[in-house]
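In what follows, a single structure is set out as structure tokens and then discussed.
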There are 2 protein chains.
Amino acid sequence: MTDTKQRILDTAECLFAENGFAATSLRAIIAKAGVNLAAIHYHFHSKEALLEAVILRRAAPANQERMKLLDRCEQDAGNQPPSIEKVIEAFVAPAFRQARDPALGGPVFRHLTGRLYAEGDMMPRIIATHFRPVLERFATAIRRALPEMPPEELMWRVHFATGVVAQALRGTRAMEMFGVLHEASNSELVLDRLVTFLSAGFRAPVMKKVAQRG
Amino acid sequence: MTDTKQRILDTAECLFAENGFAATSLRAIIAKAGVNLAAIHYHFHSKEALLEAVILRRAAPANQERMKLLDRCEQDAGNQPPSIEKVIEAFVAPAFRQARDPALGGPVFRHLTGRLYAEGDMMPRIIATHFRPVLERFATAIRRALPEMPPEELMWRVHFATGVVAQALRGTRAMEMFGVLHEASNSELVLDRLVTFLSAGFRAPVMKKVAQRG
DNA sequence: GTCTATAACTTGATAGAC
DNA sequence: GTCTATCAAGTTATAGAC
């Protein structure tokens, strides 16, 4: 990959994560990257295709790792389904591992992922294309880990959990707003905290009011 | 309030919720509202001031109701702090109540709130101005409801919970992506599900690994 | 592959008639 | 209060020289 192309990808990743897709102009990217405007259209075709390239570069390996981790969980568990803790960790860990590796852009892409998850409907095509297979596989694993849970209830919990993951990935700037000191958000501890919080939510007994209606 | 002004507010609310702030042009608003471009600049001063007006119109009464509900919880509980369930419900219920009232714009503003929560850092000034007092009051209530929880851990759980609330408010379009049938998201049941999920997350025992480090 | 130049269009904002 | 007309700047994208 040429140096120019890579610098464009890096800079775009950074600015999309920082300001969002719509609010980031190509000219802001070329200014920070020190490249020519036409170079973007040469290497990528359009602004949207650039975003897709940015996503794919990091999401593809992360999603492969997610699948591999889930494979291993299911092997280790033998005939039984893996616990909800293991499934959640398999899904979230790759993003944190990536964030700790400067060669993979450090925490920048994690922020971008968080933003994309959170905006969600803003770029449904891209999300659906590159995340759907992984998400469906994990949805199945979650169903198997909690076979007693009514499907409708489980769907809602997955929905809620998506919000947690997005928030956790996006980082802690929201917390800083309140002037709270806190540990680095790529700490291993955050992953543990996340798994604890989510697993408890998933395992919570179904409310009677809800269960009666189905 | 003039009819024009109100139509601008309604339409802007709708489009900001649908497409985000940056991606919504003033001309898209005037087209859908059937008003003149200059009218926006006459009634509001700028695009950003329009957003703030949109937010304030709904957030102010909702936040007042949040405070009132929390007051009542604390009265009912006497000397003891109210349970985490009650605190969470006091915070979230007004948004759902508002969403069920067509006179208050129905679910539209709830979607917008969810988006603002989720984008978070995108409009920190507005969020900080209009939500900070409420959030600080509720943070205190949560601390009192869970006095055993180490403050650092609690901060993270509040951070995670913010993501859940944002996701729940934003609605279910992310779920629809997977073709799942589901009940209406302004159902009373969703509120119960949300409270159940979040309370369980908050009450989860602190992991040993985390507790050791503080 | 990289550049300049520019087309073609959209944006937020304003001036001034009515 | 509401309109038309317009500004100045910024946008994505392209054509064509090198």
Side-chain angles (χ1 to χ4, degrees), chain A residues 1-57 112 115-116 119 121-127 129-130, chain B residues 1-57 112 115-116 119 121-127 129-130:
Chain A
M1 173 148 34
T2 67
D3 189 56
T4 312
K5 195 170 174 182
Q6 182 147 340
R7 270 223 307 292
I8 294 173
L9 279 174
D10 291 343
T11 313
E13 180 178 56
C14 179
L15 290 180
F16 286 156
E18 194 76 23
N19 312 317
F21 177 71
T24 301
S25 71
L26 295 182
R27 319 185 89 102
I29 296 173
I30 63 159
K32 193 173 175 189
V35 303
N36 190 275
L37 175 60
I40 291 189
H41 288 97
Y42 175 78
H43 287 288
F44 313 90
H45 290 282
S46 65
K47 190 187 176 185
E48 203 178 315
L50 170 60
L51 172 66
E52 200 166 348
V54 165
I55 294 173
L56 216 82
R57 177 174 62 150
L112 179 57
R115 190 181 269 282
L116 294 181
E119 294 184 350
D121 50 326
M122 228 181 107
M123 11 206 126
R125 202 179 49 71
I126 294 176
I127 297 254
T129 307
H130 301 303
Chain B
M1 170 146 37
T2 67
D3 188 56
T4 312
K5 196 172 173 182
Q6 182 147 341
R7 270 223 307 290
I8 293 172
L9 279 174
D10 291 343
T11 313
E13 182 179 53
C14 179
L15 290 180
F16 287 156
E18 193 77 23
N19 311 316
F21 177 71
T24 302
S25 71
L26 295 183
R27 311 178 109 96
I29 296 173
I30 64 159
K32 193 174 175 189
V35 302
N36 190 275
L37 174 60
I40 290 189
H41 288 98
Y42 175 79
H43 287 289
F44 313 90
H45 290 282
S46 64
K47 190 187 176 185
E48 202 178 316
L50 170 60
L51 172 66
E52 201 167 347
V54 166
I55 293 174
L56 218 88
R57 177 174 63 150
L112 179 57
R115 190 180 269 280
L116 294 181
E119 295 185 349
D121 50 325
M122 228 181 107
M123 9 207 129
R125 204 179 49 71
I126 295 177
I127 297 252
T129 307
H130 302 303

Examine distances only and state if a side-chain atom of A:K47 and a backbone atom of A:S25 form a donor-acceptor pair shorter than 3.5 Å.
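No, the answer is negative, given that no donor and acceptor are paired below the 3.5 Å cut-off.
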With distance as the sole test, does B:T11 use its side chain to make a donor-acceptor pair with the main-chain N or O of B:K32 at under 3.5 Å?
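A pair under 3.5 Å: no.
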For a quick test of reading the model: is some side-chain N or O of [X] closer than 4.0 Å to OP1 or OP2 of [N]?
| X | N | value |
| --- | --- | --- |
| A:H41 | D:dT14 | no |
| A:S25 | D:dG10 | no |
| B:H43 | D:dT2 | yes |

A:I8 and side chain to side chain contact (heavy atoms under 4.5 Å, CB included): which single residue from A:L26, A:L50, A:V54 fits?
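When A:L26, A:L50, A:V54 are each tested with A:I8, the side chain to side chain contact (heavy atoms under 4.5 Å, CB included) holds only for A:L50.
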How long is the line joining [atom1] of [X] and [atom2] of [N], in whole Å?
| X | N | atom1 | atom2 | value |
| --- | --- | --- | --- | --- |
| B:K5 | D:dT2 | NZ | P | 11 Å |
| A:I30 | D:dG10 | CD1 | C1' | 12 Å |
| B:Y42 | C:dA17 | OH | P | 17 Å |
| A:I40 | D:dT14 | CD1 | C1' | 14 Å |
| B:K47 | C:dT11 | NZ | C1' | 9 Å |
| B:Q6 | D:dT2 | CD | P | 13 Å |
| A:H45 | D:dA15 | NE2 | C1' | 17 Å |
| A:L50 | D:dA13 | CG | P | 10 Å |

Filtered N/O pairs between nucleotides 3-5 of chain D and protein, under 3.5 Å:
{"unit_1": "D:dT4", "atom_1": "OP2", "unit_2": "B:N36", "atom_2": "ND2", "d": "3.1"}

Distance, nearest 0.5 Å, that separates CG of A:L56 from CG of A:L51
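One finds 10.5 Å between CG of A:L56 and CG of A:L51.
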With rounding to the nearest 0.5 angstrom, report the CG to OH distance, B:N36 to B:Y42.
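Going from the CG atom of B:N36 to the OH atom of B:Y42 covers 13.5 Å.
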Please determine, for the side chain of B:R27, which listed nucleotide (C:dG12, C:dG1, D:dA13) has the closest atom?
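Nearest to the side chain of B:R27 among the choices is C:dG12.
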Side chain of B:L26 only, please: which of D:dA13, C:dG12, D:dT2 is the nearest?
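Selected nucleotide (nearest to the side chain): C:dG12.
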Please evaluate residues B:D10 and B:R57 with respect to the criterion side chain to side chain contact (heavy atoms under 4.5 Å, CB included), reporting the C-alpha separation (whole Å), side-chain torsions for both, the decisive distance (0.1 Å), and the verdict.
CA-CA 10 Å; B:D10 291 343; B:R57 177 174 63 150; 3.0 Å; yes
For B:R7, give me all partners under salt bridge (Lys or Arg N to Asp or Glu O under 4.0 Å), at least two apart in sequence or on another chain.
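Listed in chain order: B:D3.
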